[in-house]
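Note sheet for the following structure.
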Amino acid sequence: MTNRLKIERAIQDLTQEALAERIGVSRQTINSIEKGRYVPSTVLALKLSAEFGKPVNELFFLEKSDSN
Amino acid sequence: MKKIIEYDRRLFRRLRKFHLPHSWKKVGLTIAIAAFVLMLVKRFVDEPEWVKPLLANIMLIGLLIISISKEKVEDEMMASIRAQSYGIAFVSGVIYAIVQPYVNFGVAWLLGSENPNTDMSYFQVLVFMLIVQLLFFKQFKRACL
């Protein structure tokens, strides 16, 4: 799964630390999600979606490798 | 009946989220290291028989405290990493308990020992599982950074 988190964060001029604080996770978690090392839960994805004011499917995208 | 089921649900939810505060990590580390050092010192000092199992249990308690202490920020990624490390520790602990007596037997046979020690103490297995859990948890955390 890929995501546009880094781009959206840049648009809103937010640091990883600030975003992490807003949604109640660690900076490492935001970093891991951005790098695709961690796939967030539905709850966390919805929190991010609310934070950026965009639907979840405009933030996260499935890849070919996710099909099986 | 519904009340009992609801009580069970609440209890399990609380148990699932149970962790000691982050500051307890240092307490656990101190206990485990102190017990380990005393176990080493005990080898050179004549102590009563009951001291060895007592120190072993204290060391296990120290490692357990480290294992169940929260991280600075305990979020869902930490919970996921923690669950993975417990899974690996459980499977490797079972494999260790099965394989280790045969390894002991093989080594004893190679060395020509007549009475190979193939016993497996609970301390060996538990300390192995706790150390594997802590190492994998640390490694997974590092891999996510």
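Each chain gets a letter, A, B and so on, in the order its sequence line appears, and its residues count up from 1.
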Taking atom CD of A:E34 as the centre, does the number of heavy atoms from other residues, nucleotides or ligands within less than 6.0 Å exceed 12? yes

Other residues, nucleotides, ligands: >12 heavy atoms within 6.0 Å of A:D13 CG: no

More than 12 heavy atoms of other groups within 6.0 Å of B:F36 CZ: no

Check: B:E76 side chain, A:S41 main-chain N or O, donor-acceptor pair, under 3.5 Å: yes

Rounded to the nearest 0.5 Å, how far does CE of B:M78 lie from CD of A:Q28? 6.0 Å

Show, in sequence, the C-alpha distance, side-chain angles and deciding distance for A:S32 and B:M77, and conclude whether the side chain to side chain contact (heavy atoms under 4.5 Å, CB included) test is met. CA-CA 9 Å; A:S32 301; B:M77 189 178 79; 3.5 Å; yes

B:D75 and A:V25: which non-hydrogen atoms are nearest, and at how many Å? OD2-CB, 3.3 Å

Might you confirm whether atom NZ of B:K25 has over 12 heavy atoms from other residues, nucleotides or ligands at distances under 6.0 Å? yes

